[in-house]
Amino acid sequence: MAATASNKRVILKRYVTGFLSEDDMEVVTTEAPPLAVPAGSEAVVVKNLYVSCDPYMRNRMTRHEMPSYVPDFVPGEVLANFGVMRVISSGHPDFKAGDLVWGITGWEEYTVINNPESLFRINHPKLPLSYYTGILGMPGLTAYAGFFEVSKPKKGDYVFISAASGAVGQIVGQLAKIIGCYVVGSAGSDEKVSLLKTKFGFNDAFNYRKEPDLKAALRRYFPEGIDIYFENVGGETLDAVLPNMRLGGRIAACGMISQYNLEWPEGVKNLFYIVTKRLRMEGFLVFDFYDKYYQFEEEMARYLKEGKVAYVEDVVEGLDAAPAALIKLFTGRNVGKQLVAIARE
């Protein structure tokens, strides 16, 4: 197989300080890699079908003096994130041409993956392939592990989810409802609040932009307090949640999107409630739960096929639209899981 003529890709132009802008990224066209894996190599070459936009990518665009939990992106190099791919050629015994997989890939049309053992095989290709950037991929496993393994829910628990209409939050809420919890979510628009209550079946939801006193709002929605807070936002939201937690409550710290574009993170003033209310606050990363992926995939695929879980995506077409799509995560303009369709198959 000869190399294709070109490979469109999104690169980081410079390290970012402050709020991310489209000008910090650039869409370029380069020569594509050879589409045939060299003899003796265990790499795979993939055609990227969908790539995911996720908040943690912003952290990788800052130069860290102390190493972060994932390596910084390199200016001039292609951005990378989770995506759905079709294998074009393979030197690895576990993969063959035509296989559908998901995992870390480049924000580009074609990628050479030198560590294909990091890829996951797609076992339910009749479900929308784009779901493997979301409910059947990293955000889905994040929701599943963060809720069941970290939060340790019980039937009847009072659950609050911030950024509840996002890629992870919408799944957490529906899993909580399936096991019999009372669920309230916050979101940044009336449209998203309506989605939470009608499509995702939350017991209640509110627009945090319309609440001048978030602590009072939470007291109104949870007069008996919160058992589980699934933390996606940080900052003022976390500060308002802490006084509203019940004794022995659990906080699963998944992300803190309000802080990612700040040069100086906001402080949290109400931490003493962790002591007085005997709270447990635990951070987690999805990588720690990869061993549970195929168990999760079967369970979530069943929920989708039975109609027990719904999922909303915000899809843009083509890599030219990818930089603006990523920024939508931080302005709240996306509705549901944000992703980029590169090639629909």
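We number each residue from 1, following the sequence as shown. Computed from a predicted structure; not experimentally measured.
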*Asks:* Is atom CD of Glu191 surrounded by more than 12 heavy atoms (other residues, nucleotides or ligands) closer than 6.0 Å?
*Replies:* no

*Asks:* Does Gln338 offer a backbone N or O that forms a donor-acceptor pair with the side chain of Glu313 under 3.5 Å?
*Replies:* no

*Asks:* The criterion is ring pair (Phe, Tyr, Trp, His ring centres under 6.0 Å); which residues satisfy it with Phe73, sequence neighbours excluded?
*Replies:* none

*Asks:* Other hydrophobic cluster members with Ile11, side-chain heavy atoms of Ile/Leu/Val/Met/Phe/Trp/Tyr under 4.5 Å, chained?
*Replies:*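 Ile11 shares its hydrophobic cluster with Val28.
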
*Asks:* Going by ring pair (Phe, Tyr, Trp, His ring centres under 6.0 Å), name the residues that satisfy it together with Tyr221, two or more places apart in sequence or in a different chain.
*Replies:*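 Scan of Tyr221 (ring pair (Phe, Tyr, Trp, His ring centres under 6.0 Å), adjacent residues dropped) gives Phe206.
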
*Asks:* Tell me, yes or no, whether the heavy-atom count around Arg333 atom CZ, taken from other residues, nucleotides or ligands under 6.0 Å, exceeds 12.
*Replies:* no

*Asks:* Are the side chain of Asp54 and the backbone N or O of Met57 linked by a donor-acceptor pair below 3.5 Å?
*Replies:* no

*Asks:* In terms of hydrophobic clustering (I, L, V, M, F, W, Y; side-chain heavy atoms under 4.5 Å; direct or indirect links), are Met256 and Leu262 co-clustered?
*Replies:*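 No: no chain of side-chain contacts under 4.5 Å links Met256 to Leu262.
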
*Asks:* Restricting to side-chain contact (heavy atoms from CB on, under 4.5 Å), what partner residues turn up for Asn114, sequence neighbours left out?
*Replies:* Ala43, Val112

*Asks:* Share the residues that join Val275 in a hydrophobic cluster, the rule being Ile, Leu, Val, Met, Phe, Trp or Tyr side chains under 4.5 Å apart at the heavy-atom level.
*Replies:* Phe272

*Asks:* Walk me through it: do Tyr229 and Ser162 pass the test side-chain hydrogen bond (donor to acceptor under 3.5 Å, both in side chains)?
*Replies:* CA-CA 8 Å; Tyr229 171 43; Ser162 55; 2.9 Å; yes

*Asks:* Is there a side-chain contact between Leu127 and Lys305, using heavy atoms and a 4.5 Å cut-off?
*Replies:*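 Yes, side chains in contact.
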
*Asks:* Going from CG on Leu195 to OG on Ser165, what distance comes out if it is rounded to the nearest 0.5 angstrom?
*Replies:*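 Going from CG on Leu195 over to OG on Ser165, the span is 7.0 Å.
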
*Asks:* What residues, two or more places apart in sequence or in another chain, satisfy ring pair (Phe, Tyr, Trp, His ring centres under 6.0 Å) together with Tyr158?
*Replies:* Tyr182

*Asks:* Go through the steps to decide whether Asn59 and Ser68 satisfy the test side-chain hydrogen bond (donor to acceptor under 3.5 Å, both in side chains), and finish with yes or no.
*Replies:* CA-CA 8 Å; Asn59 183 61; Ser68 184; 3.0 Å; yes

*Asks:* Tell me whether Arg344 contacts the main-chain N or O of Ile342 through its side chain, where contact means a donor paired with an acceptor under 3.5 Å.
*Replies:*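 Looks like no, no N/O pair under 3.5 Å.
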
*Asks:* Evaluate the side chain to side chain contact (heavy atoms under 4.5 Å, CB included) criterion for residues Asp227 and Val159: first the C-alpha distance (whole Å), next the side-chain angles of each, then the deciding distance (0.1 Å), finally the verdict.
*Replies:* CA-CA 6 Å; Asp227 291 298; Val159 177; 6.0 Å; no

*Asks:* Could you tell me if the side chain of Met25 sits less than 4.5 Å from the side chain of Leu326, heavy atoms only?
*Replies:* yes

*Asks:* Under a 4.0 Å N-O cut-off, is there an ion pair linking Asp23 with Lys13?
*Replies:* yes

*Asks:* Keeping Gln174 on the side-chain end and Ala310 on the backbone end, is there a donor-acceptor pair under 3.5 Å?
*Replies:*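 Such a contact is found between Gln174 side chain and Ala310 backbone.
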
*Asks:* Which ring pair (Phe, Tyr, Trp, His ring centres under 6.0 Å) pairs, counting each pair once, include a residue from residues 39-61, with sequence neighbours left out?
*Replies:*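 Qualifying pairs, neighbours excluded: none.
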
*Asks:* Restricting to salt bridge (charged side-chain N to carboxylate O under 4.0 Å, His left out), what partner residues turn up for Lys192, sequence neighbours left out?
*Replies:* none

*Asks:* As an exercise, state the distance from CG of Leu12 to OH of Tyr15, rounded to the nearest 0.5 Å.
*Replies:*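 OH of Tyr15 is found 7.5 Å from CG of Leu12.
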
*Asks:* Looking at residues at least two apart in the chain, or sitting in another chain, which of them share a ring pair (Phe, Tyr, Trp, His ring centres under 6.0 Å) with Phe147?
*Replies:* none

*Asks:* Compare all side-chain heavy atoms of Val10 with those of Glu26 and state whether any distance is below 4.5 angstrom.
*Replies:* no

*Asks:* How long is the gap from CG on Leu238 to CD1 on Ile251, to the nearest 0.5 Å?
*Replies:* 6.0 Å

*Asks:* Quick check: do Lys8 and Asp320 have side-chain heavy atoms less than 4.5 Å from each other?
*Replies:*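 Result yes, sub-4.5 Å side-chain heavy-atom pair found.
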
*Asks:* Hey, are Glu236 and Lys269 close enough for a salt bridge, meaning a charged N less than 4.0 Å from a carboxylate O?
*Replies:*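 Salt bridge: no.
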
*Asks:* Could you state the interatomic distance from CG (Leu129) to CZ (Arg86), rounded to the nearest 0.5 Å?
*Replies:*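 Reported value, rounded in 0.5 Å steps: 11.0 Å.
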
*Asks:* Under 30°, 30 to 60°, or over 60°: which ring-plane class applies to Phe330 and Tyr260, parallel, tilted or perpendicular?
*Replies:* perpendicular

*Asks:* Going by side-chain heavy atoms closer than 4.5 Å, which hydrophobic residues are tied to Leu119, directly or by a chain of links?
*Replies:*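 Its cluster partners, ordered by chain and number, are Val44, Val46, Met85, Val87, Phe95, Val101, Ile113.
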
*Asks:* Contact between Arg58 and Ile257 at the side-chain level, heavy atoms closer than 4.5 Å - yes or no?
*Replies:* no

*Asks:* Does Asn7 use its side chain to pair, donor to acceptor, with the backbone of Pro33 at less than 3.5 Å?
*Replies:* no

*Asks:* Is the shortest heavy-atom distance from the side chain of Pro93 to the side chain of Glu42 under 4.5 Å?
*Replies:* yes

*Asks:* What residues, two or more places apart in sequence or in another chain, satisfy salt bridge (charged side-chain N to carboxylate O under 4.0 Å, His left out) together with Lys154?
*Replies:*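 With sequence neighbours excluded, Lys154 shows a salt bridge (charged side-chain N to carboxylate O under 4.0 Å, His left out) to Asp157, given in chain and number order.
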
*Asks:* Apply ring-ring contact (aromatic ring centres under 6.0 Å, His included) to residues Tyr293 and Tyr290 and explain how you reach the verdict.
*Replies:* CA-CA 5 Å; Tyr293 175 69; Tyr290 276 177; 7.9 Å; no

*Asks:* Before accepting this row, confirm whether a basic side-chain N of the pair Asp314/Lys337 lies closer than 4.0 Å to the acidic partner's carboxylate O.
*Replies:* no

*Asks:* Using the six-membered ring wherever Trp is involved, compare the ring planes of Phe200 and Phe202 and label them parallel, tilted or perpendicular (cut-offs 30° and 60°).
*Replies:*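 Rings of Phe200 and Phe202: tilted, 30 to 60°.
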
*Asks:* Quick one: do Arg209 and Glu211 make a salt bridge, cutoff under 4.0 Å?
*Replies:* no

*Asks:* Using side-chain contact (heavy atoms from CB on, under 4.5 Å) as the criterion, list what pairs up with Lys177, not counting sequence neighbours.
*Replies:* Val183, Asn203

*Asks:* Pick one: which of Glu298, Glu297, Arg302 meets side chain to side chain donor-acceptor pair (under 3.5 Å) with His124?
*Replies:* Glu298

*Asks:* Looking at Glu22 and Pro323, would you say the former's side chain and the latter's main chain have a donor-acceptor pair under 3.5 Å?
*Replies:*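 Side chain of Glu22 to backbone of Pro323: no pair is present.
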
*Asks:* Is Arg63 paired with Asp72 through a side-chain N to carboxylate O contact shorter than 4.0 Å?
*Replies:* no

*Asks:* Is there a donor-acceptor contact under 3.5 Å from the side chain of Arg250 to the main chain of Ser151?
*Replies:* yes

*Asks:* Distance-only, no hydrogens or angles: does the Arg9 side chain make a donor-acceptor pair with backbone N or O of Val27 under 3.5 Å?
*Replies:*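 Between the backbone of Val27 and the side chain of Arg9 there is no qualifying donor-acceptor contact (under 3.5 Å).
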
*Asks:* Going by heavy atoms in the side chains, are Lys292 and Glu149 under 4.5 Å from each other?
*Replies:* yes

*Asks:* Once you measure the plane-to-plane angle for Trp102 and Phe82, does it fall in the parallel (<30°), tilted (30-60°) or perpendicular (>60°) bin?
*Replies:*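 Rings of Trp102 and Phe82: tilted, 30 to 60°.
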
*Asks:* Could you tell me whether Asp190 and Lys210 make a salt bridge, using a distance below 4.0 angstrom between a side-chain N and a carboxylate O?
*Replies:* yes

*Asks:* Can you tell me how far the CD atom of Gln170 sits from the CG atom of Leu175, to the nearest 0.5 Å?
*Replies:* 11.0 Å

*Asks:* Below 4.5 Å, heavy atoms only, C-beta onward: do Val51 and Leu339 meet side chain to side chain?
*Replies:*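 Not touching, per the 4.5 Å side-chain cut-off.
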
*Asks:* To the closest 0.5 Å, what do you measure between CZ (Phe287) and OG1 (Thr142)?
*Replies:* 8.5 Å

*Asks:* Determine, step by step, whether Tyr144 and Glu299 satisfy the side-chain hydrogen bond (donor to acceptor under 3.5 Å, both in side chains) criterion, reporting the C-alpha distance in whole Å, the side-chain angles of both residues, the deciding distance to 0.1 Å, and the verdict.
*Replies:* CA-CA 10 Å; Tyr144 182 87; Glu299 194 170 324; 2.9 Å; yes

*Asks:* One pair to check against side-chain hydrogen bond (donor to acceptor under 3.5 Å, both in side chains): Thr111 and Thr105. What are the steps and the verdict?
*Replies:* CA-CA 7 Å; Thr111 302; Thr105 190; 3.2 Å; yes

